Amino acid sequence: DTEVTQTPKHLVMGMTNKKSLKCEQHMGHRAMYWYKQKAKKPPELMFVYSYEKLSINESVPSRFSPECPNSSLLNLHLHALQPEDSALYLCASSQPLRTGNNEQFFGPGTRLTVL
Amino acid sequence: DAKTTQPTSMDCAEGRAANLPCNHSTISGNEYVYWYRQIHSQGPQYIIHGLKNNETNEMASLIITEDRKSSTLILPHATLRDTAVYYCIVRRLNFGNEKLTFGTGTRLTIIP
């Protein structure tokens, strides 16, 4: 299984809502990532988890809260978002660099619209 | 990580080889060249990576110049499904640097 799955595929939420994005992989990868991609722009890294611990936070606002409950799952909790947070949110996984090959496998993304 | 420069867009006829250039003149000795692509409405997909030698896999070939200041990704027989944005990324593979920094990429259109 070389797939990263993300749910939901689409999400529309109001600025006062709380929602969560979910990502799952069963490749035994111990590094997982969240990226944000605005229309016609390249993906931008938000967070990196390595061995279930947060290793990189790219100065992301606190209204985005990542969580890695176990080595297969990665969540992104959303609260009090702004319309400019509307974007495609991509999850990826890989082996951590210390183990060698660091090819990142990406999921299809969740397209988020904040009203 | 070193900065890369790629053409904004390119066209290629179906069945021909697509050659995508990337300039990385400030690359340092321990930095690898990675290529990913992103087909419309999908997540990015890893293609190939290399350090100094040319590399080939089932998807593509990577040619890195001897001074390592530029490289070319070659799709030998382009198909319509190769229409995508192609990203050239230069990165160090040291612990704690798992991040990928995407540039603006090249939008490749395969023409029937």
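Here the structure is a predicted model, which is why all the values come from computation and not from measurement. Lettering follows sequence order; numbering is per chain, from 1.
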*Find out if a path of hydrophobic residues (ILVMFWY) with successive side-chain heavy-atom gaps under 4.5 Å connects B:Tyr46 to B:Phe102.*
yes
*Linked, directly or transitively: A:Leu21 and A:Met15 (ILVMFWY side chains, under 4.5 Å)*: yes
*How many angstroms lie between CD in A:Glu103 and CD1 in B:Ile47, if you round to the nearest 0.5 Å?*
10.5 Å
*What do the steps show when you test A:Phe106 against B:Gln38 for side-chain contact (heavy atoms from CB on, under 4.5 Å), and what is the final call?*
CA-CA 10 Å; A:Phe106 284 80; B:Gln38 187 171 23; over 6 Å; no
*Using non-hydrogen atoms only, which part of B:Tyr36 is less than 4.5 Å away from chain A: side chain, backbone, both, or neither?*
side chain
*asked:* So, taking the atom named CG in A:Leu45 and the one named OG1 in B:Thr101, what distance separates them when rounded to the nearest 0.5 Å?
replied: 7.5 Å
*When clusters are formed by joining ILVMFWY residues with side-chain heavy atoms under 4.5 Å apart, either directly or through shared neighbours, do A:Leu73 and A:Phe105 land in the same one?*
no
*Looking at residues at least two apart in the chain, or sitting in another chain, which of them share a side chain to side chain contact (heavy atoms under 4.5 Å, CB included) with B:Thr5?*
B:Asn23
*Does CZ belonging to A:Arg30 count more than 12 external heavy atoms closer than 6.0 Å?*
yes
*Does atom CZ of A:Arg63 have more than 12 heavy-atom neighbours, drawn from other residues, nucleotides or ligands, at distances under 6.0 Å?*
yes
_Inter-chain contacts: residues 31-44 of chain A against chain B, heavy atoms under 4.5 Å_ = A:Tyr33, A:Tyr35, A:Gln37, A:Lys41, A:Pro42, A:Pro43
*Mind checking which of residues 108-115 of chain A sit less than 4.5 Å from chain B, heavy atom to heavy atom?*
A:Pro108
*asked:* Let me check something: do A:Met46 and A:Met13 share a hydrophobic cluster, defined by ILVMFWY side-chain heavy atoms less than 4.5 Å apart, either directly or through other members?
replied: yes
*Shared hydrophobic cluster for A:Leu90 and A:Val60 (ILVMFWY, side-chain gaps under 4.5 Å)*: no
*Any pair with a residue in residues 11-22 of chain A that passes side-chain hydrogen bond (donor to acceptor under 3.5 Å, both in side chains), sequence neighbours left out, goes on the list, sorted by first then second residue, please.*
A:Ser20-A:His77
